[in-house]
Protein chains: 4
Amino acid sequence: MLISIDVNSETPIYEQLKEQIIMGIASGALKPGEQLPSIRQLAEDLGVNLHTINKAYNQLKADGLLTVDRRKGAVVNFLAQKPTAQQKDELRRKLRPVLARAICFGLSEQEIEDLCVRTYNQIIGGNDE
Amino acid sequence: MLISIDVNSETPIYEQLKEQIIMGIASGALKPGEQLPSIRQLAEDLGVNLHTINKAYNQLKADGLLTVDRRKGAVVNFLAQKPTAQQKDELRRKLRPVLARAICFGLSEQEIEDLCVRTYNQIIGGNDE
Amino acid sequence: MLISIDVNSETPIYEQLKEQIIMGIASGALKPGEQLPSIRQLAEDLGVNLHTINKAYNQLKADGLLTVDRRKGAVVNFLAQKPTAQQKDELRRKLRPVLARAICFGLSEQEIEDLCVRTYNQIIGGNDE
Amino acid sequence: MLISIDVNSETPIYEQLKEQIIMGIASGALKPGEQLPSIRQLAEDLGVNLHTINKAYNQLKADGLLTVDRRKGAVVNFLAQKPTAQQKDELRRKLRPVLARAICFGLSEQEIEDLCVRTYNQIIGGNDE
DNA sequence: GTGGTCTAGACCACC
DNA sequence: GTGGTCTAGACCACA
């Protein structure tokens, strides 16, 4: 999978990294059991510091999406079958401001539903743009 | 409308402020043409710095949701009927990582659609929790 | 509360820090709502790097023992009334090897119970040694 | 006795090994005088490096729990009747942060005592979970 | 080889 | 003032 970073973006590099890896897992581009590049390798490839990569990997580990194997580095976890209540709350909390903004921009309920479905298919299909 | 701030949250206060005002507009609690509290007053009510309120108001003005008038202060704009292409892109960009994360947590397409619809109704209904 | 670090110890500095703060909270030396030294201040006082302090504070925040206030820095949380099931599991997992070792060293059940009670009282009493 | 290793755990493999052997001795699954698998064989069984097994065995020897004989390999020692003062200190030092954490999580003295007793019985009974 | 820890020093966002 | 992010470079533990 190809990862690209915009160092000038206002969102932190480690957040961009997390998002891209999550996108990769969601789209199936990263398969469960698959090995991610080592911290140092990825840091070099992207031209960023190894601590930045480390932070992203560790947070994804805390999210339960990666496990870190002392020998093989970071490995993609098998997907959970169901989210915990806490995870669901977190999702709703993140979803709320986005949808509220959509409403303010004049989207109807139907259009918002369409937007969600189309975005979902974008992710699954893997065609990112 | 009641605005409450959590100073311990990791999301900046001005972001919380923006989110709450957007939620207010989306839910109809804040009506077009309605006047928001003055910067000075809101700052005092919430016990935060003037700059913080000012930043939130200005960004909402840039979003086209408020009009800042020197005499009347901040006023809620009439909602656009349709979002610009740029706004739609922005929505999709914000929506994508949330949905991708939902997929990683094991939600099916149907469950994600449900989540969106239910969250939408929460906002419209105004019952935040 | 006085915090002291042994930079030559094999346990990481940030772990020592976490342990001492936890001891402080448990003993009542650190009261709920009390403000901890700022990252930079404590780093200077202890003669260690600010990132080391930052890591300890963040992990305690993740444990729910501290909250980080953008204005006042780190603040001691009010104690939970009951641990979550996960926290209880974690405690048992940490307790098991210690007790097993005690058994191997020849302590009877009664002696182990005494050891626990006496250690508990040490913590509560605050007399650390 | 069955030994199983989790290579993804954050606790080092040699530590896991030590813990499991200690658990085995404490529970009586490993009897004094009993011979442990040879380093070479155990390394192969678990699929880990020779050094890793060696390190665990050597540290247990330093703890006085094993005797390493050039001909018979590692043998379980007879349990001490009483711990040395040093061993007791070590136990208290390891116990303290666990109990302090329990207090922070809201456990009362009685609940902590229960936790210790129940964990003790788990070990003795050998039913690990 | 891997990740974990620590240091030193910089800049930025927030308040 | 506070914490958050990032860099550059070092050493260690683990396997």
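At distances below 3.5 Å, not a single donor-acceptor pair connects side-chain atoms of D/Gln41 with backbone N or O atoms of D/Ser38. For the pair C/Gln35 (side chain) and C/Gly73 (backbone), a donor-acceptor distance under 3.5 Å is absent. The main-chain N or O of D/Thr11 is found under 3.5 Å from a side-chain atom of D/Gln16 such that the two form a donor-acceptor pair. Between the side chain of C/Glu34 and the backbone N or O of C/Lys31, at least one donor-acceptor pair lies under 3.5 Å. Put simply, the side chain of D/Glu15 never gets that close to the backbone of D/Pro12: no donor and acceptor are under 3.5 Å apart.
Comparing F/dG3, E/dG3, F/dG4 by their closest approach to the side chain of A/Val68 singles out E/dG3.
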Stepwise side chain to side chain contact (heavy atoms under 4.5 Å, CB included) check, C/Ile21 with C/Leu60:
CA-CA 9 Å; C/Ile21 291 173; C/Leu60 289 170; 3.7 Å; yes
Could you go through C/Arg40 and C/Glu44, starting from their C-alpha distance and side-chain angles, then the distance that decides it, and tell me whether this counts as salt bridge (Lys or Arg N to Asp or Glu O under 4.0 Å)?
CA-CA 6 Å; C/Arg40 278 170 176 79; C/Glu44 191 179 349; over 6 Å; no
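Atoms NZ (A/Lys72) and C1' (F/dA15) sit 14 Å apart, rounded to a whole Å. As rounded to whole Å, 15 Å separates atom C1' of F/dT2 from atom CD1 of C/Ile53. Whole-Å rounding puts the C/Gln59 CD to E/dC6 P distance at 10 Å. Rounded to whole angstrom, the span from the CG atom of A/Leu42 across to the P atom of E/dT2 amounts to 12 Å. Distance C/Gln35 CD to F/dT2 C1': 10 Å, rounded to the nearest Å. Atom-to-atom, CG of C/Leu17 to P of E/dT7 comes out at 11 Å; the value is rounded to the nearest Å. Going from atom CD of C/Gln41 over to atom P of F/dG3 covers 10 Å, rounded to whole Å. Atoms CG (A/Leu50) and P (F/dC12) sit 17 Å apart, rounded to a whole Å.
Toward the 5′ end of DNA chain E lies the nearest nucleotide of A/Ser38, the other residue of the pair C/Val7 and A/Ser38 mapping further downstream.
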Considering only nitrogen or oxygen atoms on both sides, find all protein atoms under 3.5 Å from nucleotides 11-15 of chain E and state each distance.
residue: E/dC14; atom: OP1; partner: B/Tyr14; partner atom: OH; Å: 2.7
residue: E/dC14; atom: OP2; partner: B/Lys55; partner atom: NZ; Å: 2.5
residue: E/dC14; atom: O3'; partner: C/Arg70; partner atom: NE; Å: 3.4
residue: E/dC15; atom: OP1; partner: B/Ile13; partner atom: N; Å: 2.8
residue: E/dC15; atom: OP1; partner: C/Arg70; partner atom: NE; Å: 3.0

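Judged by Watson-Crick or G-U wobble contacts below 3.5 Å, the nucleotide E/dC14 has F/dG1 as its partner.
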